[in-house]
Amino acid sequence: MSEKEPILKVRNLSVEFSLPGGGLFGAKKILKAVQNVSFDLHEGETLGIVGESGSGKSTLSRAITRLVQASGGESVWLGQDIQKMNSKQLLALRKDIQMVFQDPLASLNPRMTAGAIIAEPLLTHAPGIGKAERTARVAEMMEKVGLVPSMINRYPHEFSGGQCQRIGIARALITRPKLVVCDEAVSALDVSIRAQVINLLMDLQKELGISMLFISHDIAVVRHIAQRVLVMYLGEVVELGDAEQIVSNPQHDYTKKLIAAVPVPDPKVEMQRREVRRRMRREASAAA
Ligand code: ADP
Ligand code: MG
């Protein structure tokens with residue numbers, strides 16, 4: 001395989017849900033949740049998937065990895081169509097592609113310690129390793145995501161929201177996946193915590209060379225972390241390209257609306273902040 005070959009190729013992927021119909025005869029309605037979506041993802045790249053709630057982002061990501069049945073199309077992982085994989089191939093795939101979800105606390109089992117939660121994927125994907133080795137790997141991973149390894153026996157409710165999301169990230173990375181799908185992974189976090197978790201994801205990505213699909217309804221967040229962006233509207237791709245180009249020169253009306261919804265920082269406030277920073281720097285160098 002040449003170096004330029006994408007690790008993931010999605011071609012004309014579609015998902016339909018049949019909804020119970022109303023009315024006298026109760027005819028079923030078909031909801032086209034994802035329609036003919038195509039894109040490539042390269043090694044080490046982050047592709048942002050953005051669109052308002054209900055535009056099909058989660059369904060798309062779940063269909064790619066066959067957590068939801070596609071009604072048509074392909075998702076080709078390292079040259080193999082995931083839609084046609086057998087159960088053994090799918091199990092190997094689950095090790096390579098991991099997910100991080102939105103609600104940090106709700107997505108962690110409250111009865112398991114942080115250590116057990118992070119170690120769990122190893123039981124499935126590396127059953128051969130012993131307990132001591134597993135604990136060592138968990139402690140190492142906790143450190144990597146900015147958690148103190150001495151908290152290994154604490155329960156999720158003893159952690160803050162940001163720390164819970166770090167546990168979720170550690171759990172996703174413990175199998176050393178090649179691709180991490182973050183589905184609204186920072187959307188439930190406070191702004192300052194969100195920035196920390198985004199920076200952590202970017203650092204880890206660089207360190208580990210992983211690829212990411214970063215899903216968010218917030219184009220400001222996506223623009224920060226992704227090199228390329230795919231904009232979804234009503235299940236379809238309306239725009240796909242370089243992140244900065246799409247933000248500075250959106251082609252589709254819907255993209256323009258998403259960008260317009262982002263609060264623009266007040267230039268006056270920004271000037272004051274800069275002045276404060278300058279003063280602090282002056283004072284710091286005077287004190288040195
Ligand atoms: P997003 O992640 O962008 O918010 P989703 O992929 O969750 O969007 O949903 C896309 C559309 O598919 C929505 O209209 C949603 O109601 C519908 N949908 C999602 N999952 C199901 C399901 N299991 N059954 C029926 N409809 C679904
Ligand atoms: Mg979603």
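Source: prediction; values computed, not measured.
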**Q** Between the side chain of Q165 and the main-chain N/O of A185, is any donor-acceptor distance below 3.5 Å?
**A** yes

**Q** Under the ring-ring contact (aromatic ring centres under 6.0 Å, His included) rule, what pairs show up with a residue in residues 83-102, not counting sequence neighbours?
**A** none

**Q** Between N249 and Q251, is a side-chain contact (heavy atoms from CB on, under 4.5 Å) present by the stated rule, with each step listed?
**A** CA-CA 6 Å; N249 189 20; Q251 298 301 303; 3.4 Å; yes

**Q** Show every donor-acceptor pair shorter than 3.5 Å between a side-chain atom in residues 204-214 and any protein atom, with sequence neighbours excluded, or say none if there are none.
**A**
from : atom 1 : to   : atom 2 : distance (Å)
Q205 : OE1    : T46  : OG1    : 3.0
Q205 : NE2    : G44  : O      : 3.3
Q205 : NE2    : T46  : OG1    : 2.7
Q205 : NE2    : I210 : O      : 3.1
E207 : OE2    : K144 : NZ     : 2.8
S211 : OG     : H42  : O      : 3.1
S211 : OG     : G44  : N      : 3.0

**Q** Is there a donor-acceptor pair under 3.5 Å between the side chain of E143 and the backbone N or O of E140?
**A** no

**Q** Looking only at heavy atoms, which two atoms of C164 and L108 are closest? And how far apart?
**A** O-CD1, 3.7 Å

**Q** Between T124 and L91, is there a side-chain heavy-atom distance shorter than 4.5 Å?
**A** yes

**Q** Are I169 and V180 side-chain neighbours, meaning at least one heavy-atom pair lies under 4.5 Å?
**A** no

**Q** Which pairs pass salt bridge (Lys or Arg N to Asp or Glu O under 4.0 Å) with one or both residues in residues 226-250, sequence neighbours excluded?
**A** E45-R228, R223-E244

**Q** Taking atom NZ of K84 as the centre, does the number of heavy atoms from other residues, nucleotides or ligands within less than 6.0 Å exceed 12?
**A** no

**Q** How close do R66 and M85 get, counting heavy atoms only, and between which atoms?
**A** NH1-O, 3.0 Å

**Q** Could you list the residues that satisfy ring pair (Phe, Tyr, Trp, His ring centres under 6.0 Å) with F159, not counting sequence neighbours?
**A** none

**Q** Only counting residues at least two apart or in another chain, list the ones meeting side chain to side chain donor-acceptor pair (under 3.5 Å) with S14.
**A** none

**Q** Where do K9 and P6 come nearest, in terms of heavy atoms and distance?
**A** CG-CG, 3.6 Å

**Q** Would you tabulate the side-chain donor-acceptor contacts of residues 75-82 under 3.5 Å, counting partners in other chains and residues two or more places apart, or write 'none'?
**A**
from : atom 1 : to  : atom 2 : distance (Å)
S75  : OG     : I64 : O      : 2.8
S75  : OG     : Q83 : NE2    : 2.9
D81  : OD1    : S75 : N      : 3.3
D81  : OD1    : Q83 : N      : 3.0

**Q** A226 and A243: which non-hydrogen atoms are nearest, and at how many Å?
**A** O-CB, 3.3 Å

**Q** Shortest non-hydrogen contact from V34 to L13?
**A** CG1-O, 3.4 Å

